[in-house]
Amino acid sequence: MSGTVELLAAVALLMAVLTAVLVSYVVEAQRRAQSWIAMFLLAMMGEMWISVVIYFSSPSGSRLVTGLSVSGALMVATVVPLVVGLARERFPGGDAPAGPASGPPRLPLSLGVATALLVLANEFLMSWGIQVTLGTAIASGGALATLTAVVDSPWFLFTMAAEMLLSVYLLRHRLPRAMIGILLAQSAIMLFSPPALGGTVWPALAIYVSSAVMIGLFVFLFEFLYRHRQFAPALANYLVELVGVYGLMMAGLFVWLYFGSGTLFGLSIVLEMVVFYSAVARPDGFSAGPGTPWQLRSDWTFALLSFVFVAELCMGAVLSVQLDPADYLGGFPFLPLSGAAGTVVLNAVSNGFWFFATAAASSWFLIMMGLEMGTLVVLKFRETRNRENRIRLGLMMGSYAAFAVFYPSIYFALVFPNAPNPATVPVLGWSMGIGSYPLAIGVFGVLLLSYAITGALTVLFGRRVICSVFCTAPLMYQGTTIDAMKSFNRSTRIGHKYLGSRFSAAYSITTGAVMTALVGTSILSYLNSTGATNITIQGNDPSVFFFVLSFSVAWYVLFVAIPYVGNYNCVTMGWCYTGTIAQAFQKVGFFKLKVRDRQVCRDCRTLDCAKGCPVGLVDMVGHFRTKGEYRSTKCCGVGDCVEACPYGNLYIHDVRHWIRDRLGLPRGSARGTTLPMVRPTAAAPPVPPTQLAGEGAPLGARKSGTP
Ligand code: SF4
Ligand code: SF4
């Protein structure tokens with residue numbers, strides 16, 4: 001039998017080579033007739049395997065005759081489309097004409113899709129044929145079970161990976177360089193498919209490698225978007241399809257690992273293959289002219305972000321189940337989907353909610369997001385000139401490593417092995433820890449101390465201590481590509497409502513509701529701890545449930561909604577209670593933005609500071625021109641405005657400057673760069689009303705709403 005396996009492995013490899021060569025012929029053909037012939041040969045290969053499947057499913061003389069008859073009939077039938085195709089080529093009329101003499105013509109969409117489907121059918125039949133030849137049991141559970149068994153096998157997955165790799169190699173001169181990298185990553189992810197082999201070593205290795213490749217791919221993809229704001233529509237479609245398939249694949253992997261069903265994973269593999277070959281079969285589309293910039297396409301950007309997030313969330317769950325099954329399985333309160341219809345729906349919603357929350361709060365998800373988003377921050381760091389901003393970015397990355405990974409996942413586990421779930425323990429700093437119930441009254445001292453310390457830091461240095469350093473959110477917001485999504489603050493209808501430092505009605509309602517919920521759940525938590533009440537939400541302390549809802553679910557939902565509501569929406573919309581408390585401290589603190597020379601701002605035509613603000617504080621320019629400074633409790637001190645000002649006219653003022661002023665100490669450069677455009681006697685130019693804020697909202701003329 002081992003000799004048979006090796007022989008079949010050689011056959012599979014030969015199939016991979018032949019298929020890749022034929023696909024390249026289809027794509028490279030100078031005349032359409034050559035494409036038709038190559039596709040005909042592809043079809044013949046698949047049809048050959050049909051007789052193998054029929055005969056070896058239950059070997060007998062009659063099955064042999066049946067198999068050969070079916071294959072023969074199909075081969076004869078395949079001649080018909082070949083003849084029709086060749087005739088159209090010979091007598092053009094209804095079909096596309098032959099291509100230009102300078103290069104192969106672009107394959108029509110229908111032929112591109114047909115090629116992808118033919119490759120898929122070939123692989124499927126080959127895998128099926130080899131498995132029945134070897135007598136491998138194919139699950140008896142209908143078509144879906146057969147499809148799953150055939151696709152999730154090494155014969156399908158490894159052969160397909162080899163085929164994809166060879167196809168990229170053969171067509172490399174037709175593909176843009178970025179595409180080659182992405183397609184190679186696709187091949188690697190196909191190769192490292194965990195269900196391909198049994199045992200424990202391969203699935204574990206494949207999970208780690210495919211996750212690492214996928215994280216690398218997402219980083220590459222995000223950075224590509226940052227560097228290329230406009231690209232061919234074919235590429236835009238391909239990227240969304242690809243990350244959509246990866247979202248499905250990671251969900252399928254979780255289902256396979258957790259429930260033991262490989263059907264969803266198999267479906268994602270089939271779709272991945274179709275996406276791959278649809279792209280490879282029509283490479284010219286990727287070099288076509290640019291389409292609409294993605295920063296003007298909320299729907300496209302939202303789709304991309306959501307699919308990437310689904311893939312990451314499921315990857316976090318997969319890694320948790322793989323690496324720490326006891327902990328993960330214990331923390332996921334799965335309810336049975338049985339009983340009355342209402343119960344099933346409620347249990348399904350509860351399962352979905354807790355899957356989301358548990359995965360988003362898991363160590364591995366946070367580590368993975370830290371690696372991915374942290375890399376984008378490192379890339380931004382490289383282009384940051386301002387020293388203070390560089391220091392802040394460094395502190396922000398360090399804080400993420402400490403407060404999102406080290407303390408909750410390593411330190412507490414080592415030092416307090418018997419401590420309650422970290423989500424229920426207030427953590428030093430502003431880590432939003434309001435759940436006091438499990439540790440009762442004693443913990444309030446720590447809680448108050450931590451709020452006192454961070455509150456004092458906010459008074460001295462501004463809410464950037466929280467919202468741009470300690471909190472885990474800024475790491476996600478401030479990498480290159482996500483930061484570039486601040487354009488949606490100004491260009492979208494909802495984002496536009498929250499522009500500027502003014503507290504709109506929508507903002508006040510959101511903040512009011514959140515703060516009421518905070519106070520209410522904290523009081524309930526306290527009463528529970530004294531024994532006066534015993535009110536829980538799905539078995540959770542109310543304050544802990546509120547924390548989970550806010551930061552393990554709502555935050556991420558609004559993160560992927562950035563293309564509709566704008567960047568840093570926890571600040572702009574006022575739905576984060578920690579940020580709201582920090583605002584109160586900032587109001588009485590030293591923090592503000594100051595300009596060195598008001599006249600420079602009056603003559604400034606770029607308004608780059610306001611455009612650079614990720615919180616959408618577009619009214620800052622008016623204040624600079626009139627008062628030379630700007631205070632807003634919404635400002636979280638990211639410093640993008642300082643970085644963006646082309647004249648170096650802007651700086652962040654905090655307690656350090658206040659002390660220097662009191663002591664009469666010098667403060668470095670006294671003025672911004674006065675360029676020729678600055679005319680000291682010139683009147684302040686009117687700002688076009690729609691220049692920054694879209695329709696309405698005259699920039700600079702808007703009355704400050706700073707509370
Ligand atoms: S508003 Fe809240 S979630 Fe947003 S950065 Fe500040 S503390 Fe973090
Ligand atoms: S701070 Fe800089 S970018 Fe902003 S208005 Fe003044 S000169 Fe222009």
Side-chain angles (χ1 to χ4, degrees), residues 16-32 34-35 38-39 42 96 99-120 122-123 159-192 210 213-214 216-246 269 271-291 294 300 304:
V17 174
L18 282 176
T19 305
V21 169
L22 287 174
V23 168
S24 72
Y25 277 158
V26 172
V27 178
E28 297 272 65
Q30 289 291 336
R31 300 181 64 79
R32 191 64 38 76
Q34 294 165 317
S35 298
M39 289 174 70
L42 272 175
S102 57
R106 188 176 180 196
L107 208 61
L109 179 63
S110 56
L111 290 195
V113 173
T115 305
L117 293 177
L118 273 177
V119 174
L120 175 64
N122 280 3
E123 287 308 314
T159 312
M160 184 52 70
E163 221 165 84
M164 290 160 84
L165 203 64
L166 281 169
S167 299
V168 177
Y169 176 75
L170 292 172
L171 291 167
R172 64 193 181 286
H173 55 283
R174 300 285 303 277
L175 294 160
R177 272 179 55 190
M179 278 300 295
I180 292 178
I182 297 173
L183 293 168
L184 287 177
Q186 257 194 277
S187 317
I189 290 169
M190 177 70 85
L191 177 66
F192 288 94
S210 60
V213 174
M214 208 176 279
L217 179 64
F218 290 157
V219 170
F220 176 81
L221 177 58
F222 278 129
E223 189 58 12
F224 180 84
L225 295 188
Y226 181 66
R227 306 267 164 218
H228 305 84
R229 307 296 167 98
Q230 259 178 300
F231 37 79
L235 182 55
N237 293 339
Y238 164 74
L239 292 179
V240 164
E241 287 162 9
L242 181 68
V243 292
V245 165
Y246 283 152
I269 287 289
L271 292 176
E272 187 198 7
M273 239 215 67
V274 173
V275 168
F276 179 93
Y277 276 102
S278 299
V280 161
R282 307 178 78 232
D284 303 324
F286 300 114
S287 309
W294 62 261
W300 183 87
L304 191 95

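Heavy-atom basis, side chains included; hydrogens, waters and symmetry copies ignored.
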Which of these passes side chain to side chain contact (heavy atoms under 4.5 Å, CB included) with Phe276: Leu120, Leu271, Val245, Leu183?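 Between Phe276 and the candidates, side chain to side chain contact (heavy atoms under 4.5 Å, CB included) is satisfied uniquely by Leu183.
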
Restricting to side chain to side chain donor-acceptor pair (under 3.5 Å), what partner residues turn up for [X], sequence neighbours left out?
X      : value
Ser167 : Tyr277
Arg172 : none
Tyr238 : Gln186

Closest heavy-atom contact between [X] and [Y]?
X      : Y      : answer
Met179 : Ala279 : CE-CB, 4.4 Å
Ala16  : Ala162 : CB-CB, 4.2 Å
Ala29  : Gln34  : CB-CB, 3.5 Å
Met273 : Ala116 : CE-O, 3.9 Å

Say you draw a straight line from CG of Leu117 to CG of Asn122; how long is it, rounded to the nearest 0.5 Å? 11.0 Å

Give, for atom CG of Leu191 and atom OG of Ser210, the distance between the pair rounded to the nearest 0.5 Å.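 If I round to the nearest 0.5 Å, the distance is 10.0 Å.
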
Any side-chain heavy-atom pair from [X] and [Y] closer than 4.5 angstrom?
X      : Y      : answer
Phe231 : Phe286 : no
Leu239 : Val243 : no
Leu166 : Glu163 : no
Glu272 : Met164 : yes
Pro283 : Val27  : yes
Thr19  : Glu123 : yes

Test side chain to side chain contact (heavy atoms under 4.5 Å, CB included) on Glu28 and Leu171 and set out the steps. CA-CA 8 Å; Glu28 297 272 65; Leu171 291 167; 3.9 Å; yes

Could you pull out all residues at least two apart from Leu217 that satisfy side chain to side chain contact (heavy atoms under 4.5 Å, CB included)?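 Testing Leu217 for side chain to side chain contact (heavy atoms under 4.5 Å, CB included), a comparison that skips the adjacent residues, returns Ile182, Ala185, Ile189, Leu242, Tyr246.
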
Just jot down the side chain to side chain contact (heavy atoms under 4.5 Å, CB included) partners of Ala38, sequence neighbours excluded, or say none. Leu22, Tyr25, Val26

Walk me through whether Phe192 and Val213 qualify under side chain to side chain contact (heavy atoms under 4.5 Å, CB included). CA-CA 10 Å; Phe192 288 94; Val213 174; 5.8 Å; no

Mind checking what makes salt bridge (charged side-chain N to carboxylate O under 4.0 Å, His left out) contact with Arg227, not counting sequence neighbours?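 Here the qualifying residues are Glu223, Glu383.
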
Expected output: side-chain Ser24 to main-chain Val21 donor-acceptor under 3.5 Å: yes

